[in-house]
Amino acid sequence: RGSSNILTRASDERHGTDNTLLFARDNHTVKRDDAALRSAVMALLLGVASSSSSSNTSNVLMIVIDDLRPMISDMEPERFGFMHTPNLNDLMKDSLVMRQSHVQEAVCGPSRTSFLTGRRPDTTHVYDLFTYFRDVGCADCKTIPELFKDEGYRTWNNGKIFHPGKECGGEDTDVQSWTETPFYGDDAYNDGTASITMVTDEMAAENACQDTQILANSLEALQNATASGDPWFIAVGFHKPHLSFAVPEEYFELYPNETIELATNPYAPGGMPAVAYASWELENYDDVADTGFAGKENETLVDWKAYAERQAYQAAVSFQDANVGTLMAELKSLGVWDTTVIALVGDHGFKLGEHGAWTKHTNFDLDTTTPFFLRVPGVTDGGIITQALVEHVDLMPSLAEAAGIPLVDMCPEDEPWLTARCSEGISVLPLVTNGAATKADWKNASYSQYPRDASSDMPIMGYSMTTSDDLRFTAWVEFDYSTNTTSWAMSDDCSRCGLELYNHTTDADENMNLAYHDGMEDTVAEQFAKLKAGWRSTLTAIPTTAN
């Protein structure tokens, strides 16, 4: 954080002497300082990428990993260099890597509904794990797989893509998004008793891990799809590192007990309003409840258990790294590596004892930040890491452009849920070729939100914004869940309302809330006005290929 330069080549080989980043493709070197040139070059590169195929469209593999914080060794080597993630590192070397991508709500169902429809929670009206977007006004909203289905693609759901159950109308997925029979797998290791299970070979022989089943089915789908000759969109949703941490024993062995480090800030931020805090889910497991941990503010999990939970999470990430590596190897074995667009995303971040809290359910940066990789053959080769502010709603328009299907227009401001094919994000592909030298030349803010007390007498919504000048601002305001309307009054009668302001340049871990400090009044007023103006106000002068 704090760097003014938003683009870094993973191969670190093409820097101009004037400190303007350059890139090279097919012996062409292009200075990224002309919007028209960028669009022309983008079209050229996408054309080159698809020239080896018999059509102008690409196949798509979309990988969704549950509860994945950016704990990947090459993504944040200064923090996570100890992680064993060789396959994710390799994928980074061929991808545009969004280092600062924020989900629009840090819990599984609303986040997945948001990025799979390309719309924000205040448009989908999905804020919880019980509401199906097609039942609350977004009945005809196209999903990412539907975009491809409409263009003649065969579409596969393997594993957890949409949040199952009530949030899919009682099904395990949004059925109309897929042409093929969905596969989910069975979880034999999550009965609520143990938060951690080391799955031995003997155990796996009797009951394979759910993600192992999903991987096997995904490999079969890749083989069948490739053999068919039809264009395909295959979505693979891995469950771990979501609780419970049921992971093959071999991945625990990568992280000996003596190498595990606990969070350095196991306390709530100073001056934090109470409404901002949440730590629940972990204590629902018997082995955690038995320690006496209840997830209260400034309560910490006993050290020996915290060590074990962090070790298990790290093992789960490495388990998924191996699964991703197997998928990549299969693409190459089938001869479709050079014609397959790959997107890899988490559905939100995860706390591992930071602020004394565990899992998600807040607007802290740790909860809203999660990986977003986009690999476009012939375009992102060599790898690009960007610090630009990106949002997960950008996934839909990005995939459409990358794969060569019709672009996705911006949703209208009025009643956006009534427009079937649109998005409230923008394609990130211009980041490959754009001339932005600072974060502010892209989006100048990214937006998230989280609900509180929806069924109480004082329902609240927390709206949060990370800005291009490295501030994180949140306003917890009154919200009417029956009409989906926000009150920004911050009246004295609202005892649960509150503000948060963190300076990521000096306080990257968000340990001190500055919103109520003397001398910060003007800054708070400025950020409040910006937050209230909303995400559309950030989209000025951003190069985009959509109309």
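As a basis for the values below, the full set of heavy atoms in this structure was taken, side chains included, without hydrogen atoms, waters or symmetry mates.
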Query raised in the report: Above 12 or not: heavy atoms from other molecules or residues under 6.0 Å from NZ of Lys305?
Result: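 Atom NZ in Lys305 is crowded, with more than 12 foreign heavy atoms closer than 6.0 Å.
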
Requested in this report: Taking atom CZ of Phe130 as the centre, report whether more than 12 heavy atoms of other residues, nucleotides or ligands fall under 6.0 Å from it.
Outcome: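 No.
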
Query raised in the report: Passes side-chain hydrogen bond (donor to acceptor under 3.5 Å, both in side chains), Trp358 versus Glu283? Steps please.
Result: CA-CA 9 Å; Trp358 294 80; Glu283 66 272 17; over 6 Å; no

From [X] [atom1] over to [Y] [atom2], what is the distance, rounded to the nearest 0.5 angstrom?
| X | Y | atom1 | atom2 | result |
| --- | --- | --- | --- | --- |
| Thr474 | Met461 | OG1 | CE | 13.0 Å |
| Thr143 | Arg421 | OG1 | CZ | 11.0 Å |
| Cys209 | Asp187 | SG | CG | 8.5 Å |
| Asp347 | Lys160 | CG | NZ | 6.0 Å |
| Asp365 | Glu354 | CG | CD | 11.0 Å |
| Leu222 | Asn217 | CG | CG | 10.0 Å |

Report task. Given side-chain hydrogen bond (donor to acceptor under 3.5 Å, both in side chains), test Asp186 with Gln210 step by step and report yes or no. Result -> CA-CA 5 Å; Asp186 299 313; Gln210 187 173 20; over 6 Å; no

Query raised in the report: side-chain hydrogen bond (donor to acceptor under 3.5 Å, both in side chains) between Asp367 and His348: does it pass, once the steps are laid out?
Result: CA-CA 6 Å; Asp367 286 3; His348 47 70; over 6 Å; no

Report task. With sequence neighbours excluded, give me every side-chain hydrogen bond (donor to acceptor under 3.5 Å, both in side chains) pair touching residues 243-252. Result ->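 Output for this query is empty, none listed.
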
Side chains of [X] and [Y]: do they bring a donor and an acceptor to under 3.5 Å?
| X | Y | result |
| --- | --- | --- |
| Gln320 | Asn323 | yes |
| Tyr502 | Glu500 | yes |
| Thr173 | Asn157 | yes |
| Asp321 | Asn87 | yes |
| Thr124 | Arg119 | no |

Considering only NZ, NE, NH1 and NH2 on the basic side and carboxylate oxygens on the acidic side, decide whether [X] and [Y] come within less than 4.0 Å.
| X | Y | answer |
| --- | --- | --- |
| Arg134 | Asp174 | yes |
| Asp66 | Lys240 | no |
| Glu167 | Arg112 | no |
| Arg99 | Glu76 | yes |
| Arg120 | Glu105 | no |

Report task. Apply the test side-chain hydrogen bond (donor to acceptor under 3.5 Å, both in side chains) to residues Glu146 and Gln176: give CA-CA distance (whole Å), side-chain angles for both, the deciding distance (0.1 Å), then the verdict. Result -> CA-CA 8 Å; Glu146 272 191 292; Gln176 73 184 61; 3.1 Å; yes

Over 60° means perpendicular and under 30° means parallel, so tell me whether [X] and [Y] are parallel, tilted or perpendicular.
| X | Y | answer |
| --- | --- | --- |
| Tyr450 | His361 | perpendicular |
| Phe372 | His392 | perpendicular |
| Phe133 | Phe162 | parallel |

Query - Charged tip of Arg375 within 45° of Trp337 ring normal and under 6.0 Å - result: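 Yes, cation above the ring, under 6.0 Å and within 45°.
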
Query - Test item: Asn59 side-chain N/O and Trp232 main-chain N/O as donor-acceptor pair under 3.5 Å - result: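 Side chain of Asn59 to backbone of Trp232, a donor-acceptor pair under 3.5 Å: yes, one is there.
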
Requested in this report: State whether the side chain of Thr326 and the backbone N or O of Ala322 hold a donor-acceptor pair below 3.5 Å, judged by distance alone.
Outcome: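 Present.
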
Requested in this report: Could you pull out the closest heavy-atom pair between Val341 and Ala402, with the gap in Å?
Outcome: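 In terms of heavy atoms, the two residues are closest at CG2-O, 3.7 Å.
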
Query raised in the report: Looking at Arg472 and Thr466, what are the two nearest heavy atoms and their distance?
Result: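 Arg472 and Thr466 have their closest heavy atoms at NH1-OG1, 2.5 Å.
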
Query raised in the report: With ring centroids as reference points, do Tyr447 and Tyr463 lie under 6.0 angstrom apart?
Result: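 Distance test on ring centres: not under 6.0 Å, no.
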
Requested in this report: Answer yes or no: is there a side-chain heavy-atom contact under 4.5 Å between Phe148 and Val60?
Outcome: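 A side-chain contact exists here, since the closest heavy-atom pair is under 4.5 Å.
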
